[in-house]
Each structure stands twice: as structure tokens, then as C-alpha cells.
Q: 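Let me begin by handing over the structure; questions about it come next.
Residue numbering restarts at 1 for every chain, and letters A, B, ... go by the order of the sequence lines.
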2 protein chains.
Amino acid sequence: MKKKPTISDIAKLANVSIATVSRVLSNSDYPVKEEVRQKILGISKEVNYKPNIFGKMLKGGSSKEIGVIIPSVTNPFYAQLVSAVEKQCINRGYIPLICSSYNNPKMEKRHIDILFQKQVAGIVMSTIRKDDPFLNIEAHDKNVKVVLFDQTRTDLQYDSVSFDFRKGGYMAVDYLIQCGHKDIAFLTAPIDRKSRKMILEGYKQALKINGIMYNSKRVIISSMIGTNDSGEFEYENGKTLARLLLQDKVLPDAIVTINDMTAIGIIRELTSEGIEVPKDVSIIGFDNISISSMITPSLTTINQPSYETGTLATKMLLDRIEGKEIETNNIVMKPTLIKRDSVKKIEKETRQ
Amino acid sequence: MKKKPTISDIAKLANVSIATVSRVLSNSDYPVKEEVRQKILGISKEVNYKPNIFGKMLKGGSSKEIGVIIPSVTNPFYAQLVSAVEKQCINRGYIPLICSSYNNPKMEKRHIDILFQKQVAGIVMSTIRKDDPFLNIEAHDKNVKVVLFDQTRTDLQYDSVSFDFRKGGYMAVDYLIQCGHKDIAFLTAPIDRKSRKMILEGYKQALKINGIMYNSKRVIISSMIGTNDSGEFEYENGKTLARLLLQDKVLPDAIVTINDMTAIGIIRELTSEGIEVPKDVSIIGFDNISISSMITPSLTTINQPSYETGTLATKMLLDRIEGKEIETNNIVMKPTLIKRDSVKKIEKETRQ
DNA sequence: CTGAAAGCGCTAACAG
DNA sequence: CTGTTAGCGCTTTCAG
């Protein structure tokens, strides 16, 4: 009465062997007389039988769990993504183990260790390790599938869902130029990530194609290195960047930056200095987190589809886990421009 | 070479019995000759031994995991809270299993079932079930500790970390009155939760104490019932509420609402109708999510300390799991007023 | 179709 | 101090 019923309890009650019970309860396609099957099913409902996963696991089955490694759920971009992962998992009977690395390689390794120990079926992750000795070995040694998203690595043979940051940067700047802006600043955290580097490249490319001189003075890089990746930090960094920008006496026409949270920080700092957005300066963000449409002025931005990324990455992972032998798949999500109110359209005539 | 080393592999390599290896590797205080101990430790490093949790678990040990049930990580309030839980867990060697219920009782039950199956050591949760047959039975039957937060239930003997919503509502309204506002509207989602009911009570109480007539016309309740608890929904609900409010030809002096996301939605809708905040109408939110300080105008609000709540709830749970026999503990967090820019101070003289 | 029995990796008596 | 052994709950041969 006190402890959980096991198959052997059920076996006794049904007057059959534990093997038979196991066959029925684990949905084996093994033949069992329908009458017996029903009896066992009935009893197991009655006693509220719940299989003990550990027993199963010991036999070597892989758990229906997948690891999800992200910088932090506190960052709305990743919260969205996690939400998508969760939904896919539920649909297909898996359980996501959510691990925040806070952009700390030590933590990341720790989480990966734990996930392996738990014998997860797979991992979807946004790694920040540039050097791979670890990831590579471990993942191949055990048979744990891995799908990378967000930050990917071409040196590893993993499936991935990445994003065309370069094009995103390009689109942002190009749009600003189409709106009549010429003096366009790029405000960024340190270029220690491929994504930022790519956006900067897109920025340069758009200037070039539109015949605007690249001016390194207009690329402002903060020195703050975030230990975590929460929105908090990015917001503060935005304020810092705005202050750096204001050291220059002439304001640019427009600002492009590496994510929406940073953009919001920039707007806030500028506003508190009496500079209006978009009247005095236009700004365009990156990511399209949900809050961006809610603030005033609503933020024009480059959409990086977090929900779709999470959905796709999870689907790929689960497909692979379930043995659908697909080739290594590297999906690149396309940026789209979300026009809102933080960019002003300048009539050609009014500019000197 | 291919498969994971087990204690018996190590035992062979070290020429000792598996029992000795087990004693060393599981940090038992059982006496083992230092020499042997070192040898075993050395070998286990070499072969990169990782204990198989399932073997341990089978013996009945409880896993070092705790379940965390919240409406959704997409809601910044809960994202913060989860972040705090994670940190506590890491400090003390536990792993949090994060489960989003999306305010769906079915999901909630499903998650609880799964958590029990996994034999988690405990659960910290924000339940939305009013009727308990389920929670109660299960939790007592197995020896899983439970700590409730956010929404609590007095009918169950669980530890809890709750919040004084009534006082929060009171403080919000009282502050508005101190600022010179008299006609104060309360905009809310359906009063199907204790938290909302309590805030409304605080609202009424503050009016009463300050000698202002309660006007039921100024309590605006939307009919939208959210299936999920993402910020998205609350934001939309805010817009809906603002539209309902505008059906009345005379605008109130100030608005108090049930959470910051809703407040942001209200502000957005009012702004798009040409009504300025706080010039034309003041507004005060509830929760103090991080974004509230970042928007323009920054949102005056009642602080509900999500991080501290998560920290405390987790500490209590882990303490209880680890056998520190404390009495049932019901902590009530106190609201604080965060003054920012969305409330205007009206000089007494200028009001007629 | 059904049952007996051998483990999966580990811990914990118990016996040296 | 160390080794032997009996399970924990379940799946899975292998024999009926």
C-alpha cells in the first residue's frame, strides 16, 4: 500500500509472470492473449502503476530527454526559443532539460557532463566554445545526437540551424540608406562572436554598395564583456554605447546595433539626454524580441525568428534521434526587416 | 573502449572488488586503505569514469533533481524566478527540471506525473489548481517535498513563499492618491485568481481609507481568458482594456492594473489614441519586471521580488529535502513601491 | 502464447 | 580493512 507498485506486484495480482506483464505494459509487439492483456491493463490502472524509468534505463535504453543549452532564459530571445523547444518535445513525448550557461564555458561543460550522465537522447545548444576538443569527442563517443543553433560551428559535423547575420546587418543598413540616412553608426559589444562580426560585415557591405564611405569612427565598440547574457546586461551596454556615441559632437543620422535590448538601452540614454528617436536620430535593432513592438516608439528591427529556430532545431534533433537518417543538415534562417516607428524617412530634398 | 566504464571495469583494473570501488567512488565514510583508495581514484580518472545514475536510483535513492513548475518562461517575471532557482540549485548540486504549464491544469498534472516518475527530490511550483485532490494525495504518498510560490493554497500543508497582493494594490492606489489623483480606474483580467482579487481589495481599501467613493464603473474587467501566460497575451489584454476604458467619455486621472505587461499594453493603446502618459493619465503597474525600467516613460510599479522569491523558495525546498526539520514555513514577501515616470504629481491647487 | 532466469550498474548487508 | 552477494525494476533471451 505504501510503496509504488511494480510489475511483479501486478504479476502476482494477475497470476502471470513478470515477463508477460512487461510485454503488455511496454507495448511490445510480442503476442499475448488478448484476455490476459486486458486483465493486466485493468489491474495496472487499478493500482495506478507507473513504470520506474530507472529500471528501464539500466538496460541501456536512452531516456526520452534532451538537453537544451542556452545562455539564459532571462534573455527573451532564448525564452522564446525554449518555449518552442518545449512545445515540440511535448508533442513527441520528450522532456527538455533546460540549462543556462550564462556564457560561461565552465558552466557549459558542466551541463554537458551532466547531460551525458543522464544519458539524454540528444542536445540542442547554442555553444560559445570556439575550441572544440571537448564537444567533439564526447558527442561522438557516446551516441548522443547534437543540433547547434544560433552560434554554429563549421568545424563540427553537427546539424545546425543558423542565421544569416551578415545579410541581416546588410538589410538594416540598406534600409536606413533607402530612408535617406547617410551617416550611420554601428554600436556593438566586443566583436568576440561570429554573429557580431557578421553583422558588422553586412554593415560595411551595405555602405559600400550604396557608395558611402566607411568611417571607422562610426563603429563604436563597448569594452564591457558580459558574464551573463541577460537582457539586463545588454540594456546597460546600450546605455554605455550611447554615452560613447555622445562623446562625438555630431550625432549620426541613424544607428544600427546588434540586438534589440541594446537598442532599447541606447534609446533610453539618448532620450534622457533630450535626444528624440526617431526625430533626432533613427535606430534599428536586431532580433525582434516581442517587447520591441510594445515600446514607444516601436522598434524597427531585423527579425531573427527565435520560435522557428527552436522548432526546427528540435524537430531535426528528434528526427535524428528516432533514426530518420538524414544527411547533415545546415539550415540558414533568413532575416526579414520589420518596419516600425524608430526609423524616420528623410525626404531627399530636405537633406543638404 | 567503446562503452562507458563501470565500477566493475575499474575493479578489474585495480585488482579489487567492486564493493571497494563503490565505497571509494561514492565517498562512503567506510574505511579503505589510503593506498587502495588512491589507486582507484587514479584509475577512475584515467578511464574517465562517470557513475551511472540509474544504477544508483534503482536502489531507491532520490535523484538530485527538483521540479520547477511555472506558467511560462516567456513571461519575464517567471524567467527571473527560474533564473534564481537555477542558481540556487547549482550552488547546492541539484538540477532543476523546468516545466511550463501554460496555465493549463492538464499540463500541470502531466508535468507532476512525470516529475514523480523521475523521483525528483522536490517540487517548487506556482499551481493554478484550486481543487486539490491531486496535488495533495500524490505529494504525501511519495516523499517528495513541495514548496509553493506566487499562488499559494492555505488548504495544503506546504511551505510557501507568497506575496501580499492586497497590500500591493493598496500601496499603488494610495500613492496615486498622494500624488493628487482622485478618479482612479482599475483595469484587470478576469478575477479568477486570488492575486487579482487581492489587488482589487487593496484598491478598494485605499479608496475607502482616503475617503474616495468606490465606483464600480471604474473597475474594468476584460473577458479574455488567456490560455497561456506569456507576456504577449497580457500585453494584448492591456490594449483591449484600454479600448474598453476609452468607451467611457471621461478619462480617469490614473490607472492601476494587475501587472506590468498589461500596463505596457494599456500605455501603447492610449498613446496610439493620442493620449499621453503621464501627462493626460497616470498609470501604475505591478510586478516590476526588468523591462519596466527600460521603457519610456519608465513605469512606476509595485515591486514583487521574483528573484528573491525564487531564491527563498528553492532554499526552503532544499533545506527540507536535506532533512533540516523546520516547521511549515509560510513566508509572505512585502511589496515595495517603485517610483518612476508614469505617474504625474498633481498640485492640489490646480485641481478643481 | 507464457514463464524462468539472466543481467543492466550500483549499494549495502554480511562475512571474512 | 576487503570481498561476496543479494537485490533495486525492468527487458529480453531462451525454453517450454
Q: What is the distance, rounded to the nearest whole Å, between atom CD of Q117(A) and atom C1' of dC10(C)?
A: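 From Q117(A) CD to dC10(C) C1': 13 Å.
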Q: Taking the side chain as C-beta and beyond, is there a heavy-atom pair between L25(B) and I10(B) under 4.5 Å?
A: yes
Q: Assign a letter to each nucleotide of nucleotides 10-16 of chain D from its 5' end: B, base within under 4.0 Å of a protein heavy atom; S, sugar-phosphate only; -, no contact.
A: BBBBB--
Q: Specify the separation, in whole Å, of atom NZ of K12(A) and atom P of dA4(C).
A: 13 Å
Q: I'd like to know if the side chain of S28(A) reaches the main chain of Y30(A), judged simply by a donor and an acceptor atom lying under 3.5 Å from each other, with no hydrogens or angles considered.
A: yes
Q: I'd like to know if the side chain of S306(B) pairs up with that of T309(B) as donor and acceptor (distance under 3.5 Å, no hydrogens or angles considered).
A: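 No pair is found: no donor N or O on one side chain lies under 3.5 Å from an acceptor on the other.
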Q: Less than 6.0 angstrom from the centroid, inside 45 degrees of the normal: does K87(A) satisfy that with respect to the ring of Y307(A)?
A: no
Q: Roughly, in whole Å, what's the span from CD in E34(A) to P in dC1(C)?
A: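 The distance from CD of E34(A) to P of dC1(C) comes to 10 Å, rounded to the nearest Å.
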Q: For the side chain of S17(B), starting at C-beta, report the closest nucleotide among dC1(D), dT2(C), dG3(D).
A: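 Output: dG3(D).
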Q: Find the distance N15(B):CG to dG3(D):P and express it as a whole number of Å.
A: 9 Å
Q: Rounded to whole Å, please give me the gap between CG in D9(B) and P in dG9(C).
A: 8 Å
Q: Write down the distance between CZ (F54(B)) and P (dT11(C)), rounded to a whole number of angstrom.
A: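 Distance check: F54(B) CZ to dT11(C) P gives 14 Å.
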Q: Going by heavy atoms in the side chains, are Y49(B) and I7(B) under 4.5 Å from each other?
A: yes
Q: Check whether D159(B) reaches the backbone of N329(B) with its side chain - one donor and one acceptor, N or O, closer than 3.5 Å.
A: yes
